[in-house]
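Below is one structure, written out as structure tokens; comments come after it.
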Amino acid sequence: MTFTAQILTLYPDMFPGPLGTSLAGKALEQGKWTCNTVQMRDFATDRHRSVDDTPAGGGAGMVLRADILGQAVDHALAQQPDAPVIAMTPRGKPLTQRRVRELSAGLGVTILCGRFEGFDERIFEGRDIEEVSIGDYVLSGGEMGALVLLDACIRLLPGVMGASCSGDDESFETGLLEYPQYTRPVEWEGRIIPEVLRSGDHAKVEAWRKAKAEADTRLRRPDLWERHGGASNPPPSGARRTNKED
Ligand code: SAM
């Protein structure tokens, strides 16, 4: 099964963009996923190929028209009826690793990229569309958000990262941040890799990593720690950072 990304955009040239290189690019070449774009202007009805109009009620900018979006989404659904349709919008539900895992286990995804002031709200009443945000900041268009979402999904597709790295250990997979990583040289500017990581004692390494993941999540991301069961699940005593984040 090939994971199919279908992207509704005013800028089809932005795809696959950075997803044409590195892991995702290789996977694309190998047919592990496919990338199809749909130009939303193709559904315009006037000779200027307009897709937007001024905001009802007044105000700055332009809004993507529901009638044009509806046509574009219907076209996308006809191509890929069983894939979820996601609209990139700062008003959406924040994207999580859990949702990324679910999406990457499916057939693919259709992504609607906003521009200008965003979408006429009626598109979300008239069609089954999931609104997704990639963070509490405003981009100039949904294309970057789509690339982020797709990158997160593609690396999880079977065979993309390789058998040696499933991603199971990574930040957010267990609701925690990942433990800190080190590599050679053992000493750099007087800083030495923690002794336990050089001990060869796998049980001790595991215990150290678990304690660090918990302590760092608690300090850096109290929101995640809370969701993980923070208060009822205190980190081991002494598991405090001693660097500048203290
Ligand atoms: N007026 C909108 C607001 O204040 O919520 C912002 C529109 S933004 C300039 C244009 C488009 O960029 C949006 O329609 C959306 O597709 C995309 N976008 C901007 N920020 C985003 C975010 N944090 N997550 C996902 N998409 C975003």
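Atoms within each ligand, like the ligands themselves, are counted from 1 in listed order.
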Which bit of [X] gets closer than 4.0 Å to ligand 1, counting heavy atoms only: side chain, backbone, both or neither?
{"X": "Val132", "result": "backbone"}
{"X": "Leu139", "result": "both"}
{"X": "Ser140", "result": "backbone"}

Would you mind checking which non-hydrogen protein atom is closest to [atom], with the distance to 0.1 Å?
{"atom": "atom 25 (C) of ligand 1", "result": "Thr89 N, 3.5 Å"}
{"atom": "atom 2 (C) of ligand 1", "result": "Glu117 O, 3.5 Å"}
{"atom": "atom 15 (C) of ligand 1", "result": "Met88 O, 3.0 Å"}
{"atom": "atom 24 (N) of ligand 1", "result": "Ile134 N, 3.0 Å"}
{"atom": "atom 7 (C) of ligand 1", "result": "Phe116 O, 3.4 Å"}

Check the surroundings of atom CZ in Arg198: do more than 12 heavy atoms from other residues, nucleotides or ligands lie under 6.0 Å from it?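 It does: Arg198 CZ has more than 12 such atoms within range.
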If you apply the rule side chain to side chain contact (heavy atoms under 4.5 Å, CB included), what do you find for Leu112 with Val73, and how did you get there? CA-CA 8 Å; Leu112 188 53; Val73 169; 4.0 Å; yes
Non-hydrogen atom of Pro90 closer than 4.0 Å to ligand 1: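 Heavy atoms of Pro90 do come under 4.0 Å of ligand 1.
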Grouping I, L, V, M, F, W and Y whenever their side-chain heavy atoms are under 4.5 Å apart, do Leu10 and Val63 come out in a common cluster?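 No: no chain of side-chain contacts under 4.5 Å links Leu10 to Val63.
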Does Val138, backbone or side chain, put an N or O under 3.5 Å from an N or O of ligand 1?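 No: no nitrogen or oxygen of Val138 is under 3.5 Å from one in ligand 1.
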Are the side chain of Arg41 and the backbone of Arg49 linked by a donor-acceptor contact shorter than 3.5 Å?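 Present.
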When you measure from the side chain of Ser133 to the backbone N and O of Gly135, does any donor-acceptor pair fall under 3.5 Å?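 Checked: pair present.
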If you measure only the distance, is there a donor-acceptor pair under 3.5 Å linking the side chains of [X] and [Y]?
{"X": "Thr34", "Y": "Thr4", "result": "yes"}
{"X": "Thr110", "Y": "Gln6", "result": "yes"}
{"X": "Thr89", "Y": "Glu131", "result": "no"}

Considering only heavy atoms of Gly118, which atoms of ligand 1 have at least one such atom less than 4.0 Å away?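 With Gly118 as reference, the close atoms of ligand 1 come out as 14 (O).
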